Amino acid sequence: MSLLNLSWLGLWPGAASPWLLLLLAVASWLLACFLAWIYTFYDICRRLRSFPLPPMRNGFLGHLGLGSPTEEGLMEVTHLVATYPRGFKTWLGPICPIITLCHPEIIRPIINASAAIAPKDVIFYSFLKPWLGDGLLLSGGDKWSHHRRMLAPAFHFNILKPYMKIFNESTNIMHAKWKHLVSGGSTRLDMFEHISLMTLDSLQKCVFSFDSHCQEKETGLVRVMSIMPKLSLVMFSFTMSPWSHTLDGRCFRDECNLQGMFNVAVITSVAPKIYTHTHAHNFNPPTRHKTEVGVKQVARRKDEDGKELSDEDIRAEADTFMFEGHDTTASGISWVLYNLAKHPEYQERCRQEVRELLRDRQPEEIEWDDLTQLPFLTMCIKESLRMYPSVTAIARCCTQDIVFPDGRIIPKGIICLISIFGTHHNPSVWPNPEVYDPFRFDLDNSEKRSPLAFIPFSAGPRNCIGQTFAMTEMKVVLALTLLRFRVLPDDAEPRRKPELILRAEDGLWLRVEPLGGGQK
Ligand code: HEM
């Protein structure tokens with residue numbers, strides 16, 4: 001009791017009682033906060049009880065490690081989805097529940113909710129922040145809606161049409177390289193490596209009117225693009241560590257500012273052409289591509305209130321398009337080729353379709369109106385995006401309770417993982433989900449299905465702004481590739497690797513055989 005009068009603190013007896021009161025007040029406040037937290041936590045647990053819980057690995061760690069970004073992890077997800085087809089709950093440690101959704105009916109209320117009610121989950125995306133800044137993918141609120149309105153016209157059909165020439169040209173460059181390699185005896189190619197260079201090339205030409213010749217010679221930008229996701233993750237892990245907040249840590253962070261590194265690499269290679277061009281309209285870089293309208297022109301326009309995007313905004317959008325636009329499409333194309341290599345009968349049918357379309361046409365070039373004349377190829381692309389979606393999951397954290405059609409409620413503030421991969425492999429939506437069957441997408445079979453059963457580009461207000469761009473490019477590249485090459489599987493089966501984008505461990509290797517005739 002003598003401790004409670006606080007005279008041991010060296011305070012005179014009269015001062016001890018106010019200090020004591022203050023101490024008691026603080027302690028009561030902390031206790032009240034703790035009890036309130038316990039109550040909220042208990043309430044959340046009670047409300048989430050309706051979501052099934054797969055067996056935990058460990059009482060304290062919960063499900064940490066489940067569904068790791070490996071082939072085995074994807075197989076675990078497939079198994080979980082088959083067992084809990086309407087979604088399930090996992091625990092990230094002892095206090096963080098995550099609800100995984102993998103059924104169109106259950107996804108609907110969240111994916112279609114307004115961007116304000118179902119914003120992106122900050123934690124899930126934060127490791128991209130050092131790299132992509134506040135571009136469309138990561139921004140939220142008014143900033144996002146303003147930018148989305150400003151940039152949407154850049155993906156209008158009329159703007160995409162002139163890109164057809166670029167897609168054809170970039171594919172021709174890649175094929176010339178393949179022919180050269182094959183003539184030198186290398187028939188085994190890593191599709192990801194070749195195709196992501198090609199999609200980077202065409203994206204720079206279309207979106208930035210810039211020709212870096214990245215397919216023909218290695219550029220600094222290519223190296224930076226390939227290491228950025230890893231660097232971004234390293235920087236994020238570093239900023240989360242306690243050491244980063246010490247004086248030494250802060251110095252280190254300043255020294256190797258990731259954004260700065262990216263700026264140096266991009267600004268010294270691409271950016272002068274983009275930014276200077278957007279400022280000085282008479283700027284005419286020697287390698288400037290002929291497409292006159294693109295993101296940069298659209299981005300420079302003023303909106304209805306006379307507002308325009310700042311330089312920093314445009315830079316963040318440029319980074320976002322570079323990241324979202326080339327690797328995703330490259331992954332999509334590579335996996336279609338893999339699936340067609342595994343199914344020569346479908347490959348041959350696609351080839352016949354393209355041959356028929358381009359009969360007697362010189363030069364062999366896919367035009368805008370041809371895109372609707374490739375129905376079987378389109379079905380093969382969709383089936384591949386179903387089985388191998390480039391983006392396997394997206395995350396939301398709702399600002400209000402969300403009620404599902406079956407009456408279950410997700411309380412506000414809970415992280416929801418919309419598993420695109422899980423939805424596409426859900427046996428209650430797709431019978432025999434592990435079978436590659438393009439006929440699932442013929443008109444008769446598609447009609448009965450929910451539009452949210454197939455969501456490689458997400459859906460709702462925050463769907464992919466570049467989906468028509470991507471589908472157009474995929475069709476051009478695949479049509480020309482199948483016309484000129486036969487693709488065959490490699491001896492070893494690829495092991496899937498769902499990082500930011502669905503890749504294959506050590507590359508996606510296929511064998512290619514040039515066909516007679518072809519590119520002139
Ligand atoms: C096969 C190719 C592609 C796939 C599978 C794909 C998939 C996706 C998905 C799933 C999202 C939603 C992400 C989320 O909610 O977290 C998204 C968003 C986005 N994508 Fe794509 N994408 C592709 C190609 C492209 C291209 C070519 C561009 C641009 C040139 C692009 C630009 C964007 C942007 C800017 C967003 C953010 C949109 C917003 O939040 O308003 N994507 N994409």
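Model, not experiment: these values are computed from the prediction. Every number for a ligand or one of its atoms is a count from 1 in the order of the listing.
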Which atoms from ligand 1 have a heavy atom of Ile465 less than 4.0 Å away? 32 (C), 33 (C), 34 (C), 35 (C)
Looking only at non-hydrogen atoms, which of Ile111, Asp121, Leu137 approaches atom 37 (C) of ligand 1 most closely? Leu137
What about the rings of Phe321 and Phe469, do their centers lie closer together than 6.0 Å? no
With backbone taken as N, CA, C and O and side chain as the heavy atoms from C-beta onward, which portion of Val207 lies under 4.0 Å from ligand 1: side chain, backbone, both, or neither? neither
Just say parallel, tilted or perpendicular for the rings of His194 and Trp178, cut-offs at 30° and 60°. perpendicular
Run the numbers on Arg496 and Glu505 for salt bridge (charged side-chain N to carboxylate O under 4.0 Å, His left out), then give the verdict. CA-CA 6 Å; Arg496 295 166 295 177; Glu505 268 175 38; over 6 Å; no
If you measure from each non-hydrogen atom of His326 to ligand 1, which part falls under 4.0 Å: side chain, backbone, both or neither? neither
Determine the interplanar angle of the Tyr84 and Phe88 rings, folded into 0 to 90°, and report it as parallel if under 30°, tilted if 30 to 60°, perpendicular if over 60°. tilted
Is there a side-chain contact between Phe167 and Ile366, using heavy atoms and a 4.5 Å cut-off? no
In this structure, is the centre-to-centre distance between the rings of Phe421 and Tyr388 below 6.0 Å? no
Taking the six-membered ring for Trp, is the centroid-to-centroid distance between Trp430 and Tyr436 below 6.0 Å? no
Taking heavy atoms and a distance under 4.0 Å, where does Thr328 meet ligand 1: side chain, backbone, both or neither? both
Below 4.0 Å, non-hydrogen atoms only: which portion of Phe457 touches ligand 1? Side chain, backbone, both or neither. both
Minimum non-hydrogen distance to atom 10 (C) of ligand 1, winning option of Cys464, Pro456, Gly332: Pro456
Under 4.0 Å from any heavy atom of Tyr125, which atoms of ligand 1 are there? 14 (C), 15 (O), 16 (O)
Have a look at ligand 1 and work out which part of Glu317, if any, has a heavy atom under 4.0 Å from it: side chain, backbone, both or neither. neither
Contact region, Ile394 to ligand 1, non-hydrogen atoms below 4.0 Å, reads side chain
Please state which part of Glu324 comes within less than 4.0 Å of ligand 1, counting heavy atoms only: side chain, backbone, both or neither. both
Taking the side chain as every heavy atom from C-beta outward, state whether Val477 and Met198 have any pair of such atoms under 4.5 Å apart. yes
